[in-house]
Amino acid sequence: MDINTLDTTLPKSKEYDFAAGELLLVNKPYQWTSFDVVGKLRNSFKPLKLKVGHAGTLDPLATGLLIICTGKMTKQIDTFQAEEKEYTGTMVLGATTRSYDMETAVEETFDTSNLTDEQIRNACKQFTGDIQQYPPAHSAIKIDGERLYEKARRGEEVELRLRSVTISEFEITRIELPEVDFKVVCSKGTYIRSLVNDFGKALNNGAYLSKLTRTRSGNFNLKDAWEVMELVDVIKANKVMSE
């Protein structure tokens, strides 16, 4: 299947055949897990038992584009998940947290008074191209069948392995210390939280992620996405065809 030929505009007047297979773009709400979104939509199809899955996890504290596949379209999830991603976000310089974001409390603080805009912008250069990064201990990666975040929340130490990822664009869009806004275009498997944490280290300082939005995945854009409850209403209004 050529994913470039798929209709990504999601017209509200369209008749959907969810069982045969549909690709749906959703704006994941803040503090929802990706599985929460899948579960909400799956429940909307009842009593029909329908396959529903997502193509690329977003952290609970992140928002933005989540690709949802239904029915036979779930067979294409790996293809969609492999596509390039685009994010916008905000990092806070001068502090670190164990989770690399706002899920956990600040652990260390640093003086940012000596940082210049030029230093901050120049630090992006070393993170462009093929790089290696450690995933956060608070991540959904499985070790021995268990999510890393489950081990981390129990206070267990885990051995993290370096991952190779590609950053094709890393741009600073606003500097108002301690906040710094950015845009990142990257490969599958990139952890923006890890990128932010490493960015702070590159400045001999600290940084954690305070806001993140996925704006694009492959050729699919956030501007074309449904709000969750809006999509639930569409599902209930359409005739769901059984397999």
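Leu58 and Trp226 are members of different hydrophobic clusters when ILVMFWY side chains are connected at heavy-atom separations under 4.5 Å. Val184 and Tyr191 sit in two unconnected hydrophobic clusters of ILVMFWY residues. Membership requires side-chain heavy atoms under 4.5 Å apart, directly or through other members. Cluster annotation: Leu66 and Val232 are assigned to the same hydrophobic cluster (Ile/Leu/Val/Met/Phe/Trp/Tyr, side-chain heavy-atom contacts under 4.5 Å, transitive). Linking ILVMFWY residues whenever their side-chain heavy atoms come closer than 4.5 Å, directly or via other members, places Met229 and Leu41 in the same cluster. Under the 4.5 Å side-chain contact rule for hydrophobic residues, Leu212 and Val92 do not share a cluster.
One finds the CG atom of Leu61 at 4.5 Å from the OH atom of Tyr30 (value rounded to the nearest 0.5 Å). Between Leu93 atom CG and Asp111 atom CG the span is 11.5 Å, to the nearest 0.5 Å. One distance of note links CD of Gln119 with CG of Asn204; it measures 9.0 Å at 0.5 Å rounding. Note: Cys124 SG to Glu171 CD = 8.5 Å, rounded to the nearest 0.5 Å. Annotation: the span from Arg42 atom CZ to Lys46 atom NZ amounts to 9.0 Å, rounded to 0.5 Å. Atom-to-atom distance recorded for Ile120:CD1 and Ile175:CD1 is 4.5 Å, nearest 0.5 angstrom.
The closest donor-acceptor contact from the side chain of Arg214 to the backbone of Gly56 lies under 3.5 Å. With hydrogens and angles disregarded, a donor-acceptor distance shorter than 3.5 Å links the side chain of Ser168 to the backbone of Val185. Counting only distance, with no hydrogens or angles, the side chain of Thr112 and the backbone of Leu115 share no donor-acceptor pair below 3.5 Å. Side chain of Thr97 to main chain of Ala105: no donor-acceptor pair is present (N/O by atom type, distance under 3.5 Å, no hydrogens or angles). No donor-acceptor pair under 3.5 Å is formed between the side chain of Ser164 and the backbone N or O of Gln132. Side-chain atoms of Asp36 do not come within 3.5 Å of backbone N or O of Trp32 as any donor-acceptor pair. At least one donor-acceptor pair closer than 3.5 Å links the side chain of Asp101 to the backbone N or O of Glu103. Counting only distance, with no hydrogens or angles, the side chain of Asp59 and the backbone of Ala62 share no donor-acceptor pair below 3.5 Å.
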Practice problem: For the pair Glu86 and Thr215, evaluate side chain to side chain donor-acceptor pair (under 3.5 Å) and give the outcome as yes or no after the intermediate values. | Solution: CA-CA 6 Å; Glu86 178 184 282; Thr215 52; 2.7 Å; yes

Q) What's the verdict on side-chain contact (heavy atoms from CB on, under 4.5 Å) for Gln133 and Asp198, showing C-alpha distance, side-chain angles and the deciding distance? A) CA-CA 8 Å; Gln133 62 175 203; Asp198 292 341; 4.1 Å; yes

*asked:* One pair to check against side-chain contact (heavy atoms from CB on, under 4.5 Å): Met73 and Glu22. What are the steps and the verdict?
replied: CA-CA 6 Å; Met73 188 64 76; Glu22 295 285 357; 5.9 Å; no

Next item on the list: Show your working on side-chain contact (heavy atoms from CB on, under 4.5 Å) between Tyr16 and Ile235 and close with a plain yes or no.
Entry: CA-CA 8 Å; Tyr16 292 98; Ile235 291 171; over 6 Å; no

- Might you work through the side-chain contact (heavy atoms from CB on, under 4.5 Å) test for Leu203 and Phe110, ending with a clear yes or no? CA-CA 11 Å; Leu203 291 170; Phe110 303 82; over 6 Å; no

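The minimum heavy-atom distance between Val37 and Pro29, with the atom names listed, is CG2-CD, 4.2 Å. Contact record, Met91 with Ala207: SD-CB, 4.3 Å, taken as the closest heavy-atom pair. Between Val180 and Leu177, the shortest heavy-atom contact is CG2-CD2, 4.1 Å. In terms of heavy atoms, Val38 sits closest to Gly53 at CG2-C, 4.2 Å. The two residues Ile67 and Ser217 make their nearest non-hydrogen contact at CD1-OG, 3.8 Å. Across all non-hydrogen atoms, the minimal contact from Arg163 to Gly189 is NH2-O, 3.3 Å.
Asp233 pairs by the side-chain hydrogen bond (donor to acceptor under 3.5 Å, both in side chains) definition with nothing, not counting sequence neighbours. Scanning for ring-ring contact (aromatic ring centres under 6.0 Å, His included) contacts around Tyr87 gives an empty result, with sequence neighbours left out. With sequence neighbours excluded, no residue forms a side-chain hydrogen bond (donor to acceptor under 3.5 Å, both in side chains) with Gln31. Among residues two or more places apart in sequence or in another chain, the side chain to side chain contact (heavy atoms under 4.5 Å, CB included) test is passed with Thr74 by Lys51, Cys69, Ile77. Under the ring-ring contact (aromatic ring centres under 6.0 Å, His included) criterion, Tyr208 pairs with no residue at all, not counting sequence neighbours.
Contact annotation: the side chain of Leu23 never approaches that of Ile68 to less than 4.5 Å [non-hydrogen atoms, C-beta and beyond]. Side-chain contact between Lys85 and Leu65 is absent, with no heavy-atom pair separated by less than 4.5 Å. Residues Lys125 and Asn122 have side chains in contact (heavy-atom distance under 4.5 Å, counting atoms from C-beta outward). Put simply, the side chain of Lys28 reaches to within 4.5 Å of the side chain of Ser34, judged on heavy atoms. Looking only at side-chain heavy atoms (C-beta outward), Phe80 and His54 stay at 4.5 Å or farther from each other. Residues Tyr100 and Leu209 form no side-chain contact, since every pair of their non-hydrogen atoms from C-beta on lies 4.5 Å or further apart. At least one side-chain heavy atom of Leu24 sits less than 4.5 Å from a side-chain heavy atom of Leu231. Using a 4.5 Å cut-off on side-chain heavy atoms (C-beta onward), Asn27 and Val228 make no contact.
Applying side-chain contact (heavy atoms from CB on, under 4.5 Å) to Cys186 and the options Ile192, Val165, Leu195, Thr166 leaves one that passes, Ile192.
Side chains of Ser194 and Asn197: no donor on one and acceptor on the other come within 3.5 Å.
Of the charged side-chain nitrogens involved, at least one lies within less than 4.0 Å of a carboxylate oxygen, so that Glu84 and Arg216 count as a salt-bridged pair. Here Lys183 pairs with Glu169 in a salt bridge; the nearest charged N to carboxylate O distance falls below 4.0 Å.
For an aromatic pair to be called close, the ring centres must be under 6.0 Å apart, and Phe199 with Phe182 fails this.
Atom CD of Glu118 is surrounded by 12 or fewer heavy atoms from other residues, nucleotides or ligands within 6.0 Å.
Note on residues 173-182: pairs passing side-chain hydrogen bond (donor to acceptor under 3.5 Å, both in side chains), not counting sequence neighbours, are Thr90-Asp181, Arg174-Glu176, Arg174-Glu179, Arg174-Asp181.
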